[in-house]
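Data first, discussion second: the structure below is written as structure tokens.
What you see is a predicted model, and the numbers here were worked out from it, not measured in a lab.
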Amino acid sequence: MSAELAEQVRRRRTFAIISHPDAGKTTLTEKLLLFSGAIQIAGSVKARKASRHATSDWMEIEKQRGISVASSVMQMEYRDCTINLLDTPGHQDFSEDTYRVLTAVDAALMVIDAANGVEPQTRRLLQVCRARNTPILTFVNKMDREVKDPLALMDEIEAELGMTVVPFTWPVGMAKFFGGVLDLRKDQMRVFSPGEDRVAGTEEIIEGIANPALSERFGDVYEQAAGEIELVREAAPAFDEAEFLAGRQTPMFFGSAVNNFGVQEVLDALVDLAPAPGPRPAIQRTVNPDESKFTGVVFKIQANMDPAHRDRIAFLRVASGKFERGMNMKVVRSGKTLRPNTVVTFMSQKRELLDEAYAGDIIGIPNHGVLQLGDTLTEGEALQFTGLPFFAPELFRSVEVADPLKTKQLRAGLTQLGEEGAIQVFRPMAGSVLLLGAVGQLQFEVVAHRLEHEYGVKARILPARFNVARWVTCDEADGGEKELKRFIDGNSHRMALDAVDAPTLLLEYAGELRAIQENWPKIKFHALREHAGLVFQQRMGD
């Protein structure tokens, strides 16, 4: 069995696509699916009035706005590998969802808009990847437009992101003079042909980067590219697998996703370079992927992927062993046993029943509130995987229902949206008006839209007086439960419970927090907490 498991693990690649909004991430996701044979025709993410939308954008608000606001999961087969691809929201207001998704992958594909270079959200996401030493491949997109000089882009990526860049392909020209890319590993040129909606049967390949035919055909733009390659080969280090796997070196590819160009090289590189699933840390021990016993962790929950069935899907990353349909799984947090028979695999919103899965695979478990973000599932062992964070919100709103008869639906809807992490929901200990906490304003708009369209509740999102939130705990050595109860009772007018009933202090000003910390030295105030088991990672002030 272990030999079979090891072989299945070797075949897995699990990666996320990350970028600043509008860099072309969702378009590239579509084209990777297209080139792998998973879909036959790609939808345009911007075609708001068209009948086709991007396969990875399933939520109604995404189709209207042409942006991704929820992470989506897709599985495809390519070159004897099973690839699990996670498309993340680019918008900074949804960075928390993206952060949690990045805990479930073994590599990341960073998309950079060649006209804009490194943008703020790219930096933020890179910090997350670097903190986890996630290997990163870089795709420089939109070479069919007027863009920055490729050497300048390379320097910018190195300076801004602190990584060594190793070009695997190099562009010949740009915009209307874009001739294609030179493949530095295969010593050939792939000639650009624009505007193809389907995978071409055969792209034109010219062998030999130094082939005189290239100079004759492409003239000055080829001569410039050849000169740049000479510079790059002298200055840039050779590709070093260990440096790449440590997240310190990134292979760089150029192309135009909307034109299906440069995608093939990226897909091949993901198979050739991205690592297979590796060991994952739990509080109790490190879990190896080829262990015989099944383990997995819930990193995402999505309500209403199928609005007709009011479903709730827990996305689980298999960490070890083999999942088989109908097997018993223990939810370590609650001690409950699950035996799901309708576990699914995804092609975005399309799903298929799944019989088996291995380490690295992402599976969907339909459930009604049994599973929470961060839950560890095992065959019986008491394990708790670490690293799935929730951040203290920076924006707060109160929420009221326009029709008082729909109060029950409002609470049900917000409970589900809170459990999936779309928004943080707080129930004040004094008062009945629910409070919403978010990282960005767009989260409130999405929640209002989803409440109306998925739960039939028109909600009023109103200003709230709070601006600071901290989760509170107290060590046993400092009096534990007794001291914590004393603190909560003394501050009940500004205390609330969140989605997992963790006590939370809500304040109007950061200055208040400093004063309270001085008055209650035994209480710990946290700006970051982990779900499931409430493992607080660090103590933070304001």
Side-chain angles (χ1 to χ4, degrees), residues 1-16 32-33 36-38 71-86 101-108 132 134-135 245 267 270-282 285-300 313-332 338-348 350-367 371 375-381 383 385 387-388:
M1 179 66 175
S2 59
E4 184 203 339
L5 275 174
E7 174 60 18
Q8 291 292 348
V9 171
R10 183 198 66 76
R11 291 182 57 243
R12 261 56 188 182
R13 301 289 183 275
T14 304
F15 74 98
L32 290 169
L33 295 172
S36 72
S71 307
S72 50
V73 178
M74 287 142 280
Q75 190 178 77
M76 53 193 175
E77 298 285 328
Y78 181 71
R79 277 181 46 194
D80 190 41
C81 278
T82 298
I83 298 175
N84 295 283
L85 183 163
L86 288 80
V101 165
L102 289 173
T103 67
V105 300
D106 304 305
R132 303 182 63 81
T134 305
L245 293 175
L267 195 51
L270 282 164
V271 169
D272 295 338
L273 305 177
R280 296 183 76 78
R285 65 180 183 86
T286 297
V287 177
N288 290 309
D290 56 357
E291 290 179 14
S292 59
K293 296 282 189 184
F294 164 84
T295 64
V297 61
V298 176
F299 67 92
K300 176 181 171 60
I313 302 283
F315 289 72
L316 179 134
R317 150 87 189 220
V318 181
S320 70
K322 179 181 181 181
F323 165 82
E324 293 181 281
R325 184 146 61 105
M327 73 185 293
N328 288 326
M329 297 186 289
K330 178 185 177 182
V331 184
V332 175
L338 280 182
R339 194 180 174 185
N341 283 303
T342 54
V343 172
V344 292
T345 184
F346 301 93
M347 172 52 67
S348 190
K350 296 176 193 145
R351 54 181 91 168
E352 293 176 6
L353 276 181
L354 183 74
D355 289 318
E356 59 185 35
Y358 298 88
D361 285 342
I362 309 296
I363 64 176
I365 303 175
N367 75 104
L371 294 174
D375 271 347
T376 298
L377 275 68
T378 70
E379 287 190 56
E381 186 180 357
L383 285 174
F385 288 108
L388 201 76

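Atom-to-atom distance recorded for Ile83:CD1 and Phe15:CZ is 6.5 Å, nearest 0.5 angstrom. The structure places CZ of Phe323 at 13.0 Å from OG1 of Thr295, a figure rounded to the nearest 0.5 Å. Here CG of Leu377 is found 11.5 Å from CG of Asn328. Values are rounded to the nearest 0.5 Å. With values rounded to the nearest 0.5 angstrom, Arg325 atom CZ is found 12.0 Å from Ile363 atom CD1. Here the straight-line distance linking atom CZ of Arg11 with atom CD of Glu77 works out to 5.5 Å at 0.5 Å rounding.
Side-chain contact between Thr378 and Lys293: absent, with no pair of heavy atoms (C-beta onward) separated by less than 4.5 Å. Here the side chains of Met329 and Ile365 are in contact, with some heavy-atom distance below 4.5 Å. Put simply, the side chain of Ser36 reaches to within 4.5 Å of the side chain of Leu267, judged on heavy atoms. Residues Val344 and Leu354 form no side-chain contact, since every pair of their non-hydrogen atoms from C-beta on lies 4.5 Å or further apart. Between Arg280 and Ser320, the closest side-chain pair of non-hydrogen atoms is not below 4.5 Å. The side-chain heavy atoms of Met327 and Lys322, taken from C-beta on, include no pair separated by under 4.5 Å. Residues Phe299 and Ile362 are in side-chain contact: their nearest non-hydrogen atoms beyond the backbone lie under 4.5 Å apart. Between Tyr78 and Leu32, every side-chain heavy-atom pair lies at or beyond the 4.5 Å cut-off.
Of all heavy-atom pairs spanning Val298 and Ala314, the tightest one is CG1-CB, 4.0 Å. Counting all heavy atoms, side chain and backbone alike, Ala319 lies closest to Phe385 at CB-CZ, 3.6 Å. When every heavy atom of Thr286 is checked against every heavy atom of Glu291, the shortest pair comes out as O-OE2, 4.0 Å. The heavy-atom pair separating Ala108 from Thr134 by the smallest distance is N-CG2, 3.9 Å.
Exactly one of Asp106, Asn288, Asp290 qualifies for a side chain to side chain contact (heavy atoms under 4.5 Å, CB included) with Pro277. That residue is Asp106. Between Asp361 and the options Gln8, Arg12, Arg317, a side chain to side chain donor-acceptor pair (under 3.5 Å) holds for only Arg12.
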**Request:** Take Lys330 and Leu383, measure what side-chain contact (heavy atoms from CB on, under 4.5 Å) needs, and give me the verdict at the end.
**Result:** CA-CA 10 Å; Lys330 178 185 177 182; Leu383 285 174; over 6 Å; no
**Asked** Which is it for Thr342 and Leu353 under the side-chain contact (heavy atoms from CB on, under 4.5 Å) test, yes or no, and what are the steps along the way?
**Response** CA-CA 6 Å; Thr342 54; Leu353 276 181; 4.1 Å; yes
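Counting heavy atoms of neighbouring residues, nucleotides and ligands inside a 6.0 Å radius, atom CZ of Arg285 exceeds 12 of them.
Thr14 places no side-chain N or O within donor-acceptor distance of the main-chain N or O of Asn84, the cut-off being under 3.5 Å. A donor-acceptor distance shorter than 3.5 angstrom exists from the side chain of Arg13 to the backbone of Val271, with no hydrogens or angles considered.
In this model, a donor atom of one side chain and an acceptor atom of the other lie less than 3.5 Å apart for Glu4 and Tyr358.
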